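A short write-up of the structure that comes next.
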Amino acid sequence: MSESVTTHVTTSAPLATIASLSAHEGQTITLRGWLYNLRASGKLLFPIFRDGTGTIQGIVPKAAVSEEVFETLKNLTLESSLTVTGKVRADSRAPSGFELDVESIEVLQRVPEDTPFPITLKEHGVDFLMEHRHLWLRTPRQSAILRVRATIMRAAAEYFDTNGFIRTDPPILTPNACEGTSELFEMDYFDDDKAYLTQSGQLYIEATALALGKVYSFGPTFRAEKSKTRRHLTEFWMIEPEVAFLELDGLMNLAEGFITHIVTRVLESHCADLKVIGKDIAKLEAVVGTFPRLSYDEAHAMLDEAYKAGKIEAPHKYGDDFGSPDETYISSQFDKPVMIHRYPAAFKAFYMQPDPFDPTKALCVDVLAPEGYGEIIGGSQRIDSYDLLKSRIEEHHLPLDAFQWYLDLRKYGSVPHAGFGMGIERAVAWICGLDHVRETIPFARTLNRIYP
RNA sequence: UCCUGAGUAGCUCAAUGGCAGAGCAUUCGGCUGUUAACCGAAGGGUUGUAGGUUCGAGUCCUACCUCAGGAGCCA
């Protein structure tokens with residue numbers, strides 16, 4: 001069983017973090033963290049410590065420390081918590097450029113031998129790793145991903161905050177099934193009522209946009225889709241701007257500036273993390289700038305040519321939505337995100353404004369991430385006519401009384417307005433170059449897993 | 001919901017229908033510059049579950065369970 005935790009620290013050396021060690025060269029400092037790995041070569045030990053900011057290798061020659069310190073470290077188990085004091089020394093042999101000449105160590109909690117830390121440095125299967133997600137998070141790659149995620153979320157909010165947007169978060173609990181109940185999580189809401197977890201705050205932020213002009217929301221959303229792919233979670237985070245007096249072209253400019261800002265921020269401070277994760281930084285550097293814009297018709301023509309040239313297996317039928325292989329082909333033709341606009345209105349959401357030049361098309365845009373990561377942004381200009389919106393609600397057999405408040409927005413000073421939503425996890429998967437969105441969030445919720 | 005694949009030691013995987021194996025992890029021993037260290041040794045098994053075929057099943061058959069990848073749908 002586990003030994004007791006002691007928190008007293010007997011050293012007088014100043015505390016430091018591993019990420020800041022370059023500023024402490026030649027100094028004796030104390031780190032608080034965990035034992036990440038331990039190699040031994042007779043009377044010389046090479047413990048690797050981690051503290052959440054990085055890892056550092058310690059050097060422990062038997063002759064240089066007390067018998068107690070040497071024996072304690074020699075027999076220490078992986079992921080035991082500790083404080084370690086030593087002198088920071090530059091060393092060209094070290095991956096980070098620095099090593100720690102250990103002077104003393106204090107163990108807070110020693111991991112028992114009979115229950116060793118389950119995540120080893122060797123490979124593991126997906127099921128095992130997800131079952132131990134709470135411990136998997138400690139590995140350098142997973143920690144790096146979460147640091148990049150935090151920057152992406154901060155940069156996303158920052159872009160709107162510094163451009164005159166007001167954050168107005170919509171409710172998580174919603175009263176009615178807006179677009180069909182099959183993909184909604186349902187729950188009891190007192191007495192005889194039902195409530196549903198939100199699958200998008202869009203309708204609500206249309207209301208706040210008409211109150212405040214430029215708004216955005218940022219929070220978790222839920223979809224009970226029985227999707228089992230590398231791009232799907234049942235709970236994911238979405239950031240959604242909504243702007244009064246904005247039309248489709250302006251919306252595409254907004255999306256372009258938004259993504260460019262996020263990528264720029266990640267490149268500014270996460271090259272080391274991206275290297276640990278294994279992402280090709282050059283591919284991210286190519287993203288900054290203007291993005292190609294294709295109409296649905298142009299994208300269809302591109303797929304048509306690709307099929308005739310034998311580059312894709314199945315032909316794309318004009319009038320149908322693009323499938324996953326179609327999107328992958330289109331995005332592979334560019335090294336930047338691609339914006340595809342003006343899809344046929346027939347398979348798009350009821351609230352999308354028709355194109356005045358071709359009412360069979362909707363004024364909408366999807367942004368496809370490079371490298372086959374699929375749709376990261378979906379947005380549109382919204383219908384601003386009361387009569388048109390009402391008839392669309394009826395055509396889609398949606399309950400009119402549930403949308404009365406939404407129709408009110410077209411009754412009291414309606415204006416053109418537009419917005420989009422970006423799924424954070426897909427953006428993180430693309431920017432980090434991950435195989436699956438389950439690694440982009442601390443605890444992924446998927447079709448088959450809700451533990452831990 | 002549909003299609004495909006996989007379940008064997010704590011983990012990752014081997015094993016023509018014929019003795020249950022390896023690497024890593026753990027424990028013990030060795031090694032003063034290791035980078036997933038290395039070398040030697042030990043312990044560790046209800047082969048996903050239930051039935052069936054067979055002299056004999058991890059292996060073949062049936063059903064079920066779990067997981068993974070994909071399709072559809074979506075961010």
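These figures come from a predicted structure and were not determined experimentally. Numbers restart at 1 for each chain; the letters A, B, ... are given by sequence-line order, proteins then strands.
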(request) Sticking with atom C1', work out how far B/rG69 lies from B/rU62, rounded to a whole angstrom. (result) 26 Å
(message) Heavy atoms only, 4.0 Å cut-off, all strands: where does A/A94 land among base, sugar-phosphate and nothing?
(response) nothing
(message) Using a 4.0 Å heavy-atom cut-off, does A/L233 contact any base of the nucleic acid, only the sugar-phosphate backbone, or nothing at all?
(response) base
(request) Indicate, with a heavy-atom threshold strictly under 4.0 Å, whether A/K228 touches base, sugar-phosphate, or nothing. (result) base
(request) Quote, to the nearest angstrom, the C1' distance that separates B/rG58 from B/rU16. (result) 14 Å
(request) Determine which nucleotide pairs with B/rC19, using a 3.5 Å limit on both distances of a Watson-Crick or G-U wobble pair. (result) none
(request) Assign each of A/H124 and A/P116 to its nearest nucleotide of RNA chain B by heavy atoms, then name whichever residue's nucleotide is nearer the 5' end. (result) A/H124
(message) Suppose we define a pair by two distances each less than 3.5 Å, Watson-Crick or G-U wobble; what does B/rU4 pair with here?
(response) B/rA68
(request) Mind checking A/E425 for me? I need base, sugar-phosphate or nothing, with any heavy atom below 4.0 Å counting as a touch. (result) nothing
(request) Counting heavy atoms from C-beta on, name the nucleotide in B/rA68, B/rU26, B/rG33 closest to the side chain of A/V126. (result) B/rA68
(request) Output yes when at least one side-chain N/O atom of A/R231 is less than 4.0 Å from OP1 or OP2 of B/rA71, else no. (result) yes
(message) From C-beta outward on A/N448, which listed nucleotide comes closest to its side chain: B/rA25, B/rA68, B/rC73?
(response) B/rA68
(request) Determine the contact category for A/H436: base if any of its heavy atoms lies under 4.0 Å from a base atom, sugar-phosphate if only primed atoms, P, OP1 or OP2 are that close, otherwise nothing. (result) sugar-phosphate
(request) Ignoring the backbone of A/R230, work out which of B/rG33, B/rG70, B/rC31 is nearest its side chain. (result) B/rG70
(message) With a 4.0 Å limit, can you tell me whether A/T229 has a side-chain N or O closer than that to the phosphate oxygens OP1/OP2 of B/rG69?
(response) no
(request) Indicate, with a heavy-atom threshold strictly under 4.0 Å, whether A/R141 touches base, sugar-phosphate, or nothing. (result) nothing
(message) Under 3.5 Å for both donor-acceptor distances, Watson-Crick or wobble: does B/rU26 have a partner, and if so which one?
(response) B/rA42
(request) Between B/rC24 and B/rC65, how far apart are the P atoms? Round to whole Å, please. (result) 38 Å
(request) Using a strict cut-off of less than 4.0 Å between a Lys/Arg side-chain nitrogen and an Asp/Glu carboxylate oxygen, indicate whether A/E256 and A/R293 qualify as a salt bridge. (result) yes
(message) Using atom C1' in both nucleotides, what's the gap between B/rG33 and B/rC38 to the nearest angstrom?
(response) 13 Å
(message) Using a 4.0 Å heavy-atom cut-off, does A/G323 contact any base of the nucleic acid, only the sugar-phosphate backbone, or nothing at all?
(response) sugar-phosphate
(request) Give the nucleotide from the list B/rU12, B/rG69, B/rC24 with an atom nearest to the side chain of A/F128. (result) B/rU12
(request) State which of B/rA68, B/rG33, B/rC73 makes the closest approach to the side chain of A/D91. (result) B/rG33
(request) Using a cut-off of 6.0 Å, state whether more than 12 heavy atoms not belonging to A/K87 lie near its atom NZ. (result) no
(message) What's A/D366 touching, base or sugar-phosphate or nothing? Going by heavy atoms closer than 4.0 Å.
(response) nothing
(request) Could you let me know what B/rU54 is paired to, Watson-Crick or G-U wobble, both distances under 3.5 Å, or none if it's on its own? (result) none
(message) Measuring from the side chain of A/S324 (C-beta onward, heavy atoms only), which nucleotide among B/rG33, B/rU12, B/rA71 has the closest atom?
(response) B/rA71
(message) Considering every strand and a 4.0 Å limit on heavy-atom distances, what is the contact class for A/I59: base, sugar-phosphate, or nothing?
(response) base
(message) Using the side-chain heavy atoms of A/D127, tell me which of these nucleotides is nearest: B/rU32, B/rC67, B/rG33.
(response) B/rC67
(message) So A/F236, base contact, sugar-phosphate only, or nothing? Heavy-atom distance under 4.0 Å.
(response) base
(message) Using a heavy-atom cut-off of 4.0 Å across all strands, would you classify A/E99 as base, sugar-phosphate, or nothing?
(response) base
(message) Could you tell me how far B/rU8 sits from B/rA71 if I compare only their C1' atoms? Round to whole Å.
(response) 31 Å
